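Values in this document were obtained by computation on a predicted structure and should not be read as measured data.
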Amino acid sequence: MWHMWVAALPCALVAGLIYSYPTYSNALQAAFNLTETEKETIGLAPSLCNIVTFTSGLIIDRIGLSAGCFLGGLISTIAYGLFGAVAHGLFVWSRWPPAAVFFALFAAANYGVSLIICAVYTALSKAFPDAQRSEVVSITKAWQGVAAGVGTAVFVGFIPSTDTAPARLGFLFFLASANFLPMLVAPALRALLARGGRLECPGL
């Protein structure tokens with residue numbers, strides 16, 4: 001079960017990066033001449049997306065923990081990759097205004113993260129007995145909470161920039177790369193649950 005926790009911690013850290021919008025929001029605003037209202041509206045995308053993230057559990061019940069974690073990482077990687085491509089002018093989506101495109105991509109990334117979170121915390125609840133479950137989940141949640149600060153510190157440490165500099169938009173590609181990690185960890189979730197004898201249905 002402790003192996004499961006080791007696998008879950010990096011996934012939780014990646015999931016917590018969804019809260020790092022302030023790291024690149026000012027650079028996005030400067031690059032696209034967004035109004036303050038547009039910038040704040042883009043930032044609301046995860047909160048509004050959370051209205052429908054109850055479907056994450058339904059999907060994972062259907063396809064299993066491992067597949068759900070992989071799918072979440074895949075969705076977030078694609079969403080952040082497209083977000084970065086549009087922000088850098090590598091891909092132009094002319095039919096929608098930039099703020100609408102960024103809002104949709106940010107919401108999609110959040111939905112991927114919701115699948116990762118659902119898979120990780122379900123796996124932990126299955127792996128640990130009642131006496132230890134609350135402590136493990138609380139520590140993992142705290143780890144998720146520090147992710148935005150850690151991610152920003154790592155990125156700015158390697159690529160120093162001001163909060164409005166175009167270089168700061170590279171953080172979006174950093175986010176896309178980070179979401180490969182849940183895809184790599186996903187097969188371990190099934191194997192570890194099976195080893196612990198807590199595999200309750202074939203789909204997990």
Side-chain angles (χ1 to χ4, degrees), residues 9-53 56 69 71-117 120 141-185:
L9 284 176
C11 290
L13 188 65
V14 169
L17 290 173
I18 196 70
Y19 303 113
S20 60
Y21 178 64
T23 302
Y24 56 90
S25 61
N26 288 335
L28 198 66
Q29 182 180 26
F32 290 86
N33 296 315
L34 301 175
T35 66
E36 192 67 23
T37 299
E38 287 175 323
K39 185 184 78 169
E40 296 300 326
T41 300
I42 295 169
L44 288 174
S47 298
L48 295 177
C49 176
N50 284 339
I51 296 173
V52 299
T53 53
S56 299
C69 187
L71 179 61
L74 180 62
I75 291 172
S76 295
T77 296
I78 293 173
Y80 276 128
L82 286 173
F83 200 155
V86 175
H88 282 84
L90 302 176
F91 182 79
V92 179
W93 206 324
S94 59
R95 298 182 64 180
W96 288 5
V101 174
F102 296 142
F103 180 92
L105 291 172
F106 198 15
N110 182 78
Y111 192 82
V113 166
S114 75
L115 286 166
I116 296 170
I117 291 173
V120 165
K141 188 66 176 176
W143 190 247
Q144 181 182 329
V146 302
V150 171
T152 300
V154 169
F155 179 81
V156 175
F158 282 102
I159 306 178
S161 58
T162 63
D163 64 347
T164 58
R168 187 61 67 89
L169 296 175
F171 190 74
L172 289 160
F173 291 126
F174 171 78
L175 294 174
S177 300
N179 276 274
F180 272 104
L181 187 57
M183 289 191 280
L184 297 176
V185 171

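One side chain, S114 or S56, offers a donor N or O that lies under 3.5 Å from an acceptor on the other.
The backbone N or O of F106 lies less than 3.5 Å from no partner atom in the side chain of N110, so there is not a single donor-acceptor pair. For N179 (side chain) and L175 (main-chain N/O), a donor-acceptor pair under 3.5 Å exists by modelled atom type. Using a distance-only test at 3.5 Å, with no hydrogens or angles considered, no donor-acceptor pair links the side chain of T164 to the main chain of A27.
Within a 6.0 Å sphere centred on OH of Y19, heavy atoms belonging to other residues, nucleotides or ligands number 12 at most.
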Using a 3.5 Å cut-off and no angle test, enumerate the donor-acceptor pairs between side-chain atoms of residues 144-158 and protein atoms at least two apart in sequence or in another chain.
unit_1	atom_1	unit_2	atom_2	d
Q144	OE1	Y121	OH	2.9
T152	OG1	T23	OG1	2.6
T152	OG1	A148	O	2.9

Next item on the list: Before giving the answer on side-chain hydrogen bond (donor to acceptor under 3.5 Å, both in side chains), spell out for E38 and Q29 the whole-Å C-alpha distance, their side-chain angles and the decisive distance to 0.1 Å.
Entry: CA-CA 8 Å; E38 287 175 323; Q29 182 180 26; over 6 Å; no

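In this structure, W96 and V101 approach most closely via the heavy-atom pair CB-CG2, 3.6 Å. Contact between A109 and A79 at its shortest, heavy atoms only, is N-CB, 3.5 Å.
Ring geometry, F83 versus Y80: the interplanar angle falls under 30°, so the pair is classed parallel (tilted spans 30 to 60°).
Side-chain atoms of L181 and L13, non-hydrogen and from C-beta on, never get closer than 4.5 Å to each other. Residues F103 and L48 are in side-chain contact: their nearest non-hydrogen atoms beyond the backbone lie under 4.5 Å apart.
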